[in-house]
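Written out below as structure tokens is the structure these notes cover.
All ligand and atom numbering here is 1-based and tracks the order in the structure.
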Amino acid sequence: MKFESKYSVTVNRIKSNIIRELLKTATAEGIISFGGGIPDPETFPVEKLSKIANDVIMNEYKVALQYGSTEGDPELIKQYIRLLKKYEDIHCLNEENIMITTGSQQALFILGTVFLDEDSYCAVSKPIYLGAGSAFNQRNPNYISIPLEKDGMNLDILESELKKLEKEGKIDKFKFVYTVSNFHNPAGITLSLEKRKKLIELAEKYDFIIIEDDPYGALRFEGEKLPSIFKLNEGKRVILLNTFSKVLSPGLRIGVIIANEELIRKMVLAKQGMDLCSSTLTQRIAARFMEKHDLFEEIQPTIKLYKEKKDKFMEALDKYLGDIEDIEWIHPEGGLFSWIILPEGFDTMEMFEIAKEKKIIYIPGETFYVEEPERNTMRVSFCLPSFEELEEGTKRLRETIEEYAKKKGINLKIK
Ligand code: PMP
């Protein structure tokens, strides 16, 4: 049978996830990978989780092996409200403000379903988290891509775009701004306090929702912790997304949406048709884990390790790339990523072939754009390579850059 004529417009629009394709090649012997934005498996609390998992299955199987409510396990919701009070100073929540999802990725998909039609507009950062692009693309909305500066989105550009929509009589089609507030994926950037406040002012003036996606906030290793946009706005027009993926384990597939109760009710309707409920088993395991252990205390050694790796990586970047003119990289205060911007003329996707020969992997920046990409960029994660590999990998990155420049006739300017 020929299947082509049967496919939906939506599925034909989906491009394969380049990161997943590239990472398939990352397993060969001797490869140093700056590619994966995934936690080091050695940091998972295996013993504690296995004991709790065993107890949950033996003693709570009537709940933990059964279907659960779409909203999520009440025990987990209770624990999460407690955590938000303790660590985020958010006190205005009850059970109706929370929905548990199958990872934050599902939360993004649900939000696309709840807010976006083909004639809708939403603003996203440039570059954008690839998974958010994939989730929103399914609704085929109009994007307004806002460049990132060192302290987050350029809000002057956002405002001028909003004014334009207002003039054209389309502002009621503008639904939300999507932002990764801390240690952005892919760019490593944090939205400053001033910009958080300004974004709320704009949201009030132009009547839009803010989606604050924050998987990395708990992984701050230096600098001052900032209040969430949700906290600053007391949740009035902000939807906060959290996940267990980077603080406990991505395999549990647990995300948390925190929002106004009316919005949560709509999201529950959207989720019902997707999976009825998220895994009751992993939710109950996470709930009992949080009851027995302090989630954020448990990850302190991991954060310490990430900081040491970040410092080592920044040192190596200074050593091996610091003398090249017009090259920049982000110094993250937390999370897993830095972002390198090479001089004009570089195409990091094309350069990837040389990188593979040199046995290093990075993620070409062009994967992180919903519109015209900036091809001279790359995402580099420092959490998985060892200290020696961070040094050696950065040295090989220098060689890769030099070889590519030579091949393309780019004059690398040395300071
Ligand atoms: N948002 C951002 C910004 C992310 O980086 C990720 C994971 N890479 C997600 C959402 C999805 O996370 P998960 O589905 O594992 O919770």
Hits for side-chain hydrogen bond (donor to acceptor under 3.5 Å, both in side chains) against Q283, two or more places apart or cross-chain, chain-then-number order -> none
Residues 122-132 side chain polar contacts: donor-acceptor under 3.5 Å, at least two apart:
unit_1	atom_1	unit_2	atom_2	d
S125	OG	P127	O	2.6
S125	OG	H184	NE2	3.0
Y129	OH	Q105	OE1	2.9

* Will you find, in the side chains of S228 and E88, an N or O donor that is under 3.5 Å from an N or O acceptor? -> no
Those residues at least two apart in sequence (or on a different chain) that pass side chain to side chain contact (heavy atoms under 4.5 Å, CB included) with K163 are E159, Y206
Contacts for ligand 1, heavy atom under 4.0 Å, by chain and number, are G103, S104, Q105, Y129, V180, N185, D213, P215, Y216, T243, S245, K246, R253
Next on the checklist: Whether the N233 and R196 side chains hold a donor-acceptor pair (N or O, under 3.5 Å, no angle test) is what I'd like checked.
Outcome noted: no
Exercise for the section: For the pair N97 (side chain) and A259 (backbone), establish whether a donor and an acceptor sit closer than 3.5 Å, ignoring hydrogens and angles. Expected result: yes
